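Quick notes on the structure that follows.
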Amino acid sequence: MSVTVRMAPSPTGFLHIGGVRTFLFNWLYARQHGGRNLLRIENTDTSREVAEATHQIQESLRWIGIEWDGDVTFQLDRMDDCRRVAEQLVAEGKAYEDEGAIRFRMPDEGVTAWDDVVRGHVEVPNETIEDLVLIRSDGRPTYNFASPMEDVWDGITHVIRGEDHISNTPKQIQIIRAIGADVPVYAHVPNIFGSDGKKLSKRHGATGVDEFQREGYLPETMLNFLALLGWAPDGETTLMRRDELIERFSLERVSPSPAQFDYAKLDWMNGVYLRELSPEEYAHRLVLWLGDEGYDWDAQLVTRAAPLVQEKIAKLSEFPGFAGFLFHDVEPDPADLDGGAPVIEAARGALATLEPFDAEHIEASLRGVVEGLGLKPRQGFQPIRVAITGSRVSPGLFESIELLGRETTLSRLAAAAAIA
RNA sequence: GCCCCCAUCGACUAGCGGCCCAGGUCGCGGCCCUUUCAAGGCCGUAGCGCGGGUUCGAAUCCCGCUGGGGGCACCA
């Protein structure tokens, strides 16, 4: 039997990171088994918000690299089919009319059970399940009717979804059995919590996929990090790219207990992937990201600056703050200049005529200046750094000076010397 | 109230009865390197929620408790 799974977001807003993790598991499972991964929008109306959210969801999936097969389908389009099935169930005595709505007759004895791939055997007493509404009195099918029906029609073999659906499962199983279809395999994956153990929400930081993108996280980071939330191939491996994830993923190894989203570890991992990029690729991504965020900085200069920051920042969004001095004027805090006027002046004198004006020679020259004044390197270079970059923290000083160019360097040194 | 799910370092997890006085990764602390910040190297910190069983032996199996979470809609 070939595998067919589905991602079923409701178009109520932007794609939440918890939902993406669930979709990721669907996709990994489908790819590993050479099966299909469908994208099914569980909408109940056709408003403009829905259209926008649907678009946004696809954009986010594309960005992160989770693919779907075939056309996107909409629950709303199958309303009529749902109604027909409900009427059939009424005719068979398995459902009944109730004040204009149609209710499903739940068995009131025994249990409904299934073997959940991540949780094992689960069973619920039927007496605790009420007769649920299939069709509202306005004619629209309810979620708990439409969703399992779509699973049947789409030939879904494995329903991989969030654990908040566990209590819906017995209801849906009963419906599927009532129409005489095969019940799919269920796998309920755990929730993702925020760093305080509570539900992931805005105050924890980014929660929408688009926000992670804007923060300067790489798609490969998100894929790797999310996969590890609730799943691990073994006790050792933490860094895995797309192909390895597909190869090693296993639904059976998904943990049943909820995980907390750890932004600190995410940052670490992003730094790893950022550093792994070739200098060319790194510069490319940086330029694209800056463009997306509305910076009109010179791409040539960004490209030349990229190698100076690649080892030093964990997110692309740190670039403007860290290397912005290359693109705009700076205002050093006199306190940070720390009375460094003498060394700043001396540096200005040395650099004024230095040839060639490159990092190697700049370093040699400045080391001479600092030594000449009897200063330790860290004492001597710091005022110069502040003068040049406007900050106590910066990329390598000598390379930065080379990129800035002689003219700007000299004027910044002069300005700083005046206020130090 | 009823039903269901969950429970190993601060976090993500490995562990599926002896290989575990519990391993890896992040974080955190220290040291080294060092022009700042990072990166890197080395060392370290810290955990099986509690109580009963079962067993020669339990983090691992069973029961209870406690604590989290979800559900009980003509929401999805």
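Owing to the predicted nature of the structure, the values given are computational and were not obtained by experimental measurement. A note on names: the letters A, B, ... follow the listed sequences, proteins ahead of strands, and every chain is numbered from 1.
Within residues 411-420 of chain A, no residue has any heavy atom under 4.0 Å from RNA chain B. Of the residues in residues 121-129 of chain A, those placing a heavy atom less than 4.0 Å from an atom of RNA chain B are A:V122, A:E123, A:V124, A:P125, A:T128, in numerical order. Residues of residues 344-375 of chain A that place a heavy atom closer than 4.0 Å to RNA chain B, in numerical order, are A:R367. Listed by residue number, the members of residues 225-249 of chain A with any heavy atom below 4.0 angstrom from RNA chain B are A:L228, A:L229, A:G230, A:A232, A:D234, A:G235, A:E236, A:T238. For the segment residues 399-410 of chain A, the set of residues with a heavy atom within less than 4.0 Å of an atom of RNA chain B is empty.
Using a 4.0 Å cut-off between charged side-chain N and carboxylate O, A:R6 and A:E150 make no salt bridge. Remark: A:R392 does not engage A:D333 in a salt bridge, criterion side-chain N to carboxylate O under 4.0 Å.
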Do any side-chain atoms of residues 84-94 of chain A form donor-acceptor pairs under 3.5 angstrom with protein atoms, and if so which ones, sequence neighbours left out?
unit_1	atom_1	unit_2	atom_2	d
A:R84	NH2	A:D81	OD1	2.8
A:Q88	NE2	A:E92	OE2	2.7
A:E92	OE1	A:K94	NZ	3.1
A:K94	NZ	A:A178	O	2.8

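If you check B:rU13, B:rA76, B:rU35 against the side chain of A:H165, the one that comes closest is B:rA76. With B:rU35, B:rC74, B:rC12 as the choices, the nucleotide that has an atom nearest any side-chain atom of A:K265 turns out to be B:rC12. Across B:rC72, B:rC6, B:rU36, the shortest atom-to-atom separation from the side chain of A:K171 is found for B:rC72. Nearest to the side-chain atoms of A:L397 among the listed nucleotides B:rU35, B:rC26, B:rC74 stands B:rU35. Considering only side-chain atoms of A:Q260, the nucleotide from B:rA11, B:rU36, B:rU25 that sits closest is B:rA11. Of all nucleotides listed (B:rC6, B:rA14, B:rC74), B:rC74 comes nearest to the side chain of A:S137. Here the nucleotide nearest the side chain of A:D262, chosen from B:rC26, B:rA7, B:rC74, is B:rC26.
Atom CE of A:M269 and atom C1' of B:rA11 are 13 Å apart (whole Å). The interatomic distance linking A:N270 (CG) with B:rA38 (P) rounds to 17 Å, in whole Å. Distance A:Y263 OH to B:rC26 C1': 16 Å, rounded to the nearest Å. If you take CG of A:N168 and P of B:rG71, they are 9 Å apart, rounded to a whole angstrom. Across the protein-nucleic acid pair, A:Y143 atom OH and B:rC74 atom P stand 16 Å apart, rounded to whole Å. Distance CZ (A:R119) to P (B:rG70): 13 Å, rounded to an integer number of Å. Per the geometry, CG belonging to A:N191 stands 13 Å off P belonging to B:rC12, to the nearest Å. Taking atom CD1 on A:I166 and atom P on B:rG71, their separation rounds to 11 Å, with Å as the unit.
Under the Watson-Crick or G-U wobble criterion, with both distances below 3.5 Å, B:rU54 is left unpaired in every strand shown. For B:rC65, the paired nucleotide is B:rG49, the pair qualifying as Watson-Crick or G-U wobble because both relevant distances are below 3.5 Å. For B:rG40, the paired base is B:rC32 (Watson-Crick or G-U wobble, both distances below 3.5 Å). Shown here, B:rC72 forms a base pair with B:rG1; the pair counts as Watson-Crick or G-U wobble because both key distances fall under 3.5 Å. B:rA14 is unpaired under the Watson-Crick or G-U wobble criterion, no partner having all donor-acceptor distances under 3.5 Å.
When every heavy atom of A:L373 is checked against every heavy atom of A:A346, the shortest pair comes out as CD1-CB, 4.3 Å. A:L337 and A:P332 get closest at one heavy-atom pair: CD2-CB, 4.1 Å.
A parallel orientation is assigned to the rings of A:W297 and A:F327, their planes being inclined by less than 30° (bins at 30° and 60°). Ring geometry for A:W114 against A:Y186 counts as perpendicular: the plane angle is over 60°, on a 0 to 90° scale with 30° as the lower cut.
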Fill in: A:L316/A:L274 under side chain to side chain contact (heavy atoms under 4.5 Å, CB included): CA gap, chis, key distance, verdict
CA-CA 9 Å; A:L316 296 178; A:L274 240 21; 4.0 Å; yes
Worksheet item: After noting the C-alpha distance and the side-chain angles of A:F25 and A:H158, does the key distance pass the ring pair (Phe, Tyr, Trp, His ring centres under 6.0 Å) rule?
Response: CA-CA 11 Å; A:F25 286 177; A:H158 301 255; over 10 Å; no
Item to complete: Verify side-chain hydrogen bond (donor to acceptor under 3.5 Å, both in side chains) between A:D131 and A:Y96, making sure each step is shown before the conclusion.
Response: CA-CA 10 Å; A:D131 287 1; A:Y96 58 93; 2.8 Å; yes
Practice prompt. Show your working on side-chain hydrogen bond (donor to acceptor under 3.5 Å, both in side chains) between A:S255 and A:S257 and close with a plain yes or no.
Written response: CA-CA 6 Å; A:S255 159; A:S257 62; 3.1 Å; yes
Worksheet item: Step by step, would you call A:M149 with A:I179 a side chain to side chain contact (heavy atoms under 4.5 Å, CB included)?
Response: CA-CA 9 Å; A:M149 285 313 304; A:I179 64 166; 3.6 Å; yes
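Among the heavy atoms of the strands lying under 4.0 Å from A:D98 is at least one base atom, whether or not backbone atoms are also near. At a threshold of 4.0 angstrom between heavy atoms, the contacts of A:N43 with the nucleic acid are absent. Among the heavy atoms of the strands, none lies under 4.0 Å from A:R161. At a threshold of 4.0 angstrom between heavy atoms, the contacts of A:R385 include nucleobase atoms, whether or not backbone atoms are also involved.
Listed by first then second residue, pairs satisfying salt bridge (charged side-chain N to carboxylate O under 4.0 Å, His left out) with a partner in residues 208-220 of chain A read A:K202-A:E211, A:R214-A:E293, A:E215-A:K315, A:E220-A:R285, not counting sequence neighbours. For residues 374-420 of chain A, the pairs satisfying ring pair (Phe, Tyr, Trp, His ring centres under 6.0 Å) are A:F381-A:F398, with sequence neighbours left out. Residue pairs meeting the side chain to side chain donor-acceptor pair (under 3.5 Å) criterion with at least one partner in residues 401-418 of chain A, sequence neighbours excluded, are A:E355-A:R406.
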Practice prompt. For each nucleotide in nucleotides 39-45 of chain B, reading 5' to 3', give B when a protein heavy atom comes within less than 4.0 Å of its base, S when such contact involves only the sugar-phosphate, and - otherwise.
Written response: SS-----
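Remark: the A:N144 side chain and the A:N168 side chain contain an N/O donor-acceptor pair separated by less than 3.5 Å.
Each of A:F322 and A:P190 was assigned the nucleotide of RNA chain B with the nearest heavy atom; the assignment lying further toward the 5' end belongs to A:P190.
Not counting sequence neighbours, A:W27 has no partner by the ring-ring contact (aromatic ring centres under 6.0 Å, His included) test. The ring-ring contact (aromatic ring centres under 6.0 Å, His included) check on A:F104 picks up nothing, with sequence neighbours excluded.
Note on A:R140: every side-chain N or O is 4.0 Å or more away from OP1 and OP2 of B:rC74. Put simply, A:R378 has no side-chain N or O that comes within less than 4.0 Å of OP1 or OP2 on B:rU35.
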